[in-house]
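Residues take their numbers from the sequence shown, with the count starting at 1. Keep in mind that what you see is a predicted model, and the values were worked out from it rather than measured. Atom set for the values below is all heavy atoms of this structure, side chains included, hydrogens, waters and symmetry mates excluded.
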Amino acid sequence: ERMQVPMDYPAISVVTCLAGVVNRRAIIQPKARDTNWEVVPSLWGAIIGPPGYMKSPAMQSITRTISQMETEWRQAYEADLEIYETEREKFELRRSAWKDTYKANAKKGKAEPERPEDELDKPKLRRLVWNDATFESMHEGMKEYPAGIVVVRDELAGWFEQMSRSGREMERAFCLQAADGDKGFTVDRIGRGTIHVEACCMSMLGGIQPGRFRSYLVDAVKDGPGNDGLIQRLQLTAWPDTEPDFKYVDRTPNVKFKDLAASVFRKLVELDPGNPTRLCFATDAQELFVDWYTKLQAKIRGD
């Protein structure tokens, strides 16, 4: 209301970002008894609108929360890194002194001096959000952060164009698998060696203009070469009607609910990806799912 944007913009942004902070930290079991079918709740979302329709500010109002979490992680990492560097210098001095004493004792036939404790582990920067990153960078990120990542693109048009270029087939295949969140991907490079990710997982959110989106949609609609499922991965996509009238609203944000929403993100991102939460449908929801899934399969298999 304060931005005078359709509800679809913040709604798609918030659901996609919630999926992003969960990713492989939880799994869904769609069928009541079939434990083999598991779904990772990663999502791709896109908001569509002409220039000037406040797509980016609407997205930023939601992504600001996860960006703030990353800022806090980076600040904590820098503080830990400073302590680590100081302790590492002390360790190097102790180890150097131990080596000198060891050599001296060896020459004199004396007992070996007590070896200094092991070096401290270097702090690890915690990451969640990727913006403009190469395919290799995202792949390495998923190796480092097995719970998955969130890709936020202010303009999806550039990403689609990148995916459509000749020679980017491997990158496109990688993104298709990462959208599912449960498939492995191996990259072999001279110099970098082999990097294998057991389960690539990526949620993505972005905005795009109608004309640009239409051009990428043509292939999928006409079953052309580009109809490989990339467009279909955008499960949450809306091009909402926008009222022509504009009402100027200047009101203080509701800090109480803003903080409450942020606490939900912070709670979900702390779920343990090593022991993901398993979620099943409630009885009434299971009935809705069976009805929807049966109709969907009939539609897919029919004419």
If the condition is salt bridge (Lys or Arg N to Asp or Glu O under 4.0 Å), which residues does [X] pass it with, not counting sequence neighbours?
{"X": "R115", "result": "none"}
{"X": "E87", "result": "K90"}
{"X": "E1", "result": "R251"}
{"X": "R126", "result": "E270"}

Checklist entry - Should the ring pair F213 and F160 be called parallel, tilted or perpendicular, given that the plane angle runs from 0 to 90° and is split at 30 and 60? => result perpendicular
Closer than 3.5 angstrom, by distance alone: can the side chain of [X] be matched with the main-chain N or O of [Y] as a donor-acceptor pair?
{"X": "N105", "Y": "E112", "value": "no"}
{"X": "Q29", "Y": "A32", "value": "yes"}
{"X": "K55", "Y": "P50", "value": "yes"}
{"X": "D180", "Y": "D182", "value": "no"}
{"X": "T101", "Y": "A97", "value": "yes"}
{"X": "K124", "Y": "E144", "value": "yes"}
{"X": "T237", "Y": "L234", "value": "yes"}

Item to check | Derivation and outcome, side-chain contact (heavy atoms from CB on, under 4.5 Å), residues K295 and D291 | outcome: CA-CA 6 Å; K295 289 177 180 176; D291 181 60; 3.3 Å; yes
Next on the checklist: Less than 3.5 Å apart, any donor N or O on the side chain of S203 or N23 sitting next to an acceptor on the other?
Outcome noted: yes
Going hydrophobic residue to hydrophobic residue with side-chain gaps under 4.5 angstrom, can you get from [X] over to [Y]?
{"X": "V22", "Y": "L128", "result": "yes"}
{"X": "L288", "Y": "W37", "result": "no"}
{"X": "V152", "Y": "Y145", "result": "no"}
{"X": "I27", "Y": "L43", "result": "no"}
{"X": "V40", "Y": "L236", "result": "no"}

Next on the checklist: Other residues, nucleotides and ligands only: do more than 12 of their heavy atoms fall within 6.0 Å of CD on E114?
Outcome noted: no
Checklist entry - Which other residues end up in the same hydrophobic cluster as L260, if Ile, Leu, Val, Met, Phe, Trp and Tyr are linked when side-chain heavy atoms come under 4.5 Å apart? => result F257
Checklist entry - Which other residues belong to the hydrophobic cluster containing W98, where Ile, Leu, Val, Met, Phe, Trp and Tyr are joined when side-chain heavy atoms lie under 4.5 Å apart, directly or via other members? => result Y102
Item to check | Criterion ring pair (Phe, Tyr, Trp, His ring centres under 6.0 Å) on F281 and W292, from CA distance to verdict | outcome: CA-CA 13 Å; F281 288 120; W292 169 82; 9.4 Å; no
Please output the side-chain donor-acceptor pairs of residues 8-19 that fall under 3.5 Å, not counting sequence neighbours, one pair per line with the distance.
unit_1: Y9; atom_1: OH; unit_2: I48; atom_2: O; d: 3.0
unit_1: S13; atom_1: OG; unit_2: Y9; atom_2: O; d: 2.8
unit_1: T16; atom_1: OG1; unit_2: I12; atom_2: O; d: 2.7

Checklist entry - How about C175 and M202: do any of their side-chain heavy atoms sit closer than 4.5 Å? => result yes
Next on the checklist: Between M204 and L156, does the side-chain contact (heavy atoms from CB on, under 4.5 Å) criterion hold? Intermediate values first, please.
Outcome noted: CA-CA 10 Å; M204 183 171 65; L156 277 175; 4.2 Å; yes
Checklist entry - Is the W130 to F135 ring centre distance short of 6.0 Å? => result no
Item to check | Sequence neighbours excluded, every pair satisfying side chain to side chain donor-acceptor pair (under 3.5 Å) that has a member inside residues 146-157 | outcome: S56-D154
Next on the checklist: Can you tell me how far apart CE (M163) and CG (L176) are? Round to the nearest 0.5 Å.
Outcome noted: 9.5 Å
Item to check | salt bridge (charged side-chain N to carboxylate O under 4.0 Å, His left out) contacts touching residues 9-38 (sequence neighbours left out) | outcome: E38-R278
Checklist entry - Please, which pairs that meet salt bridge (charged side-chain N to carboxylate O under 4.0 Å, His left out) have at least one residue in residues 59-85, sequence neighbours excluded? => result E70-R127, E72-R266, E85-R88
Item to check | From CA spacing to verdict: side-chain contact (heavy atoms from CB on, under 4.5 Å), I66, V21 | outcome: CA-CA 8 Å; I66 55 178; V21 296; 3.6 Å; yes
Checklist outcome for this item: Residue pairs passing the ring-ring contact (aromatic ring centres under 6.0 Å, His included) test with at least one member in residues 43-85, sequence neighbours excluded, are W44-W159
Checklist entry - Does the side-chain contact (heavy atoms from CB on, under 4.5 Å) test come out yes or no for L205 and T63, once each step is laid out? => result CA-CA 9 Å; L205 173 67; T63 60; 3.9 Å; yes
Next on the checklist: Taking K143 first and then E140, would you say they form a salt bridge - that is, a charged N and a carboxylate O separated by under 4.0 Å?
Outcome noted: no
Item to check | By side chain to side chain contact (heavy atoms under 4.5 Å, CB included) - contacts of S67 (at least two apart) | outcome: none
